[in-house]
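The structure under discussion appears below in the form of structure tokens.
Numbered from 1 within each chain, the chains take letters A, B, ... in sequence-line order.
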2 protein chains.
Amino acid sequence: MVNWEKAGRPARAARAALSYDAIATAGIEVADGQGFDAVTMRKVADHLGAGAMSLYRYVDSRDDLLDLMADRVSAEAIAPPRTGDWRADLTGAAHILRDVTLRHPWLTRHAITAGGFGPNTVTMTESTLTLLDGYGLDIDEMLDVWRTLVAFVQGYASAEAQRLEAHRRRAEQPAADGDETGPSYLDTVAASGRYPLASRALLGPKRPVDPQQTFDRRLGYLLDGLAHTFFAGPR
Amino acid sequence: MVNWEKAGRPARAARAALSYDAIATAGIEVADGQGFDAVTMRKVADHLGAGAMSLYRYVDSRDDLLDLMADRVSAEAIAPPRTGDWRADLTGAAHILRDVTLRHPWLTRHAITAGGFGPNTVTMTESTLTLLDGYGLDIDEMLDVWRTLVAFVQGYASAEAQRLEAHRRRAEQPAADGDETGPSYLDTVAASGRYPLASRALLGPKRPVDPQQTFDRRLGYLLDGLAHTFFAGPR
DNA sequence: AACCCATGCGTACAACGTACGCAGCGCGTA
DNA sequence: TACGCGCTGCGTACGTTGTACGCATGGGTT
């Protein structure tokens, strides 16, 4: 477990070359640039011009490092102040959270909340809950809305990020010489006719669609439902 | 990438001791029993009484093994036939998917769809989409409903599974001799008063609540919203 | 000047993923 | 029957990983 109290204080010695912040940033840069599996103690330390074992003065284990990275990234998901339009505010918060997940696809492998709540995660939570303040909801109702919204957004963005990652991996496959790529497995499944509904889901849309628009539309269904119980009906 | 065509056919030689099915099952048993990090080639092979390298006759890499496991587990999430009550049917499918995720918490670390769609994942998809057939929705609308629902359920269940895992890890910590556990970090954050809303979210409910009931209530909000657009209004 | 201790890191080891190549068995063909 | 071919299983080996241990260093305190 990360010691968040210690992580918040500045370094004890003046000649400290490393810091929690620098380590978290380095880890995030490695993960964004070279993929989640490249986040090794040695590579992150190299990125900082330090020795691998130096990181252990700040972090108990590799898992702790990942927790540190996740908390730091959640600072990017802090929602702006409320405007009084709950629907617009929640939509904005959802966009920000989705964008963070797509910008850091490795969150699919180590979620923001995997290591408990760090300081930035707390701030992010508070900022989002604040958007729900002032509509006569009690705290339990606000939590209902918040947990429902976050579950949808994280689930949705994780699936999107995974599809993008899979696509990227397939693209960087060098397409070996004389590959004779027959019909893909999913093509043959679709052609079998035994999965009339699923085929359409697996093969993707006929015409390209705007992922952001699709997200907004589906988010809208959820907000409609929340409106029905907690606000004055949909739209 | 897993070769699903090959994985579907029975073994070529009669004297084959291993099989795709046995390997996937062994991997799942190791993951369920000893945690996701214990899923190593050697441990899974040991579980089968086989040598580590034997697995590579069936699987290209450890990642392939995980894909195999994920597809096999998705067979547990196949929805029952439709009854004509869309809301009850979708609720049932959501329960099943949530249960699978809670039963195999490692899905949080390697999602069902991480390795593309295998045969069981296709069947599961078809079974869920079938629940939406017969209400006058076209395929794109059915996909809207399905993707929205799955995003919520997987996001929600993943968060639940992660909280349970974290709790379990903390419980098996031996509570070292003379531990002097002062107030936890979250306690001090809550006591600071600077996060009035988030504190309540982080410390958990005052009285114990039934997680299943809470899930149903929040799922209900989403279904209300879907009803508003695709069916004849909420409830 | 003397000491202390937080910091950085070199070394070492067990465990990991996996490339390579060989052993052995059963089937098809002669 | 005899033979050989191909599929299956796996022993060995190597590079990489996480991390325990202990030492060197040098600014701050006394």
Whole-Å gap separating [atom2] ([N]) and [atom1] ([X]):
{"X": "A:L55", "N": "C:dG10", "atom1": "CG", "atom2": "C1'", "result": "14 Å"}
{"X": "A:D63", "N": "D:dG18", "atom1": "CG", "atom2": "C1'", "result": "11 Å"}
{"X": "B:D64", "N": "C:dT18", "atom1": "CG", "atom2": "C1'", "result": "13 Å"}
{"X": "B:M41", "N": "D:dG11", "atom1": "CE", "atom2": "P", "result": "15 Å"}
{"X": "A:L65", "N": "D:dG18", "atom1": "CG", "atom2": "P", "result": "9 Å"}
{"X": "B:Y56", "N": "C:dG21", "atom1": "OH", "atom2": "P", "result": "17 Å"}

Closest-nucleotide mapping onto DNA chain C: is A:A50 or A:R42 further toward the 5' terminus? I mean the 5' end. A:A50
Side chain of [X], backbone of [Y]: donor and acceptor closer than 3.5 Å?
{"X": "B:D71", "Y": "B:N120", "answer": "yes"}
{"X": "A:S158", "Y": "A:G155", "answer": "no"}
{"X": "B:R62", "Y": "B:V39", "answer": "yes"}

Closest to side chain of [X], choosing from [options]:
{"X": "A:M53", "options": "D:dC21, C:dG8, C:dC16", "answer": "D:dC21"}
{"X": "A:K43", "options": "D:dT17, D:dT8, C:dT18", "answer": "D:dT17"}
{"X": "B:Y58", "options": "C:dG17, D:dC23, D:dG9", "answer": "D:dG9"}
{"X": "B:R57", "options": "D:dG18, D:dT8, C:dG17", "answer": "D:dT8"}
{"X": "A:A17", "options": "D:dC21, C:dC16, C:dG8", "answer": "C:dG8"}

Determine the contact category for B:R62: base if any of its heavy atoms lies under 4.0 Å from a base atom, sugar-phosphate if only primed atoms, P, OP1 or OP2 are that close, otherwise nothing. sugar-phosphate
For a quick check of understanding: with a heavy-atom distance under 4.0 Å over all strands, which category does B:S54 fall into, base, sugar-phosphate or nothing? base
Value rounded to 0.5 Å, distance of CZ in B:R72 from OG1 in B:T25: 3.5 Å
Counting only heavy atoms and a strict 4.0 angstrom limit, can you tell me which residues of residues 28-36 of chain A come near DNA chain C? none
Residue pairs passing the ring-ring contact (aromatic ring centres under 6.0 Å, His included) test where at least one lies in residues 103-122 of chain B, sequence neighbours excluded: B:H104-B:W106
Parallel, tilted or perpendicular: which one describes the rings of A:F215 and A:F152, with boundaries at 30° and 60°? parallel
Strictly by modelled atom types, are B:T113 and A:Q162 linked by a side-chain donor-acceptor pair under 3.5 Å? yes
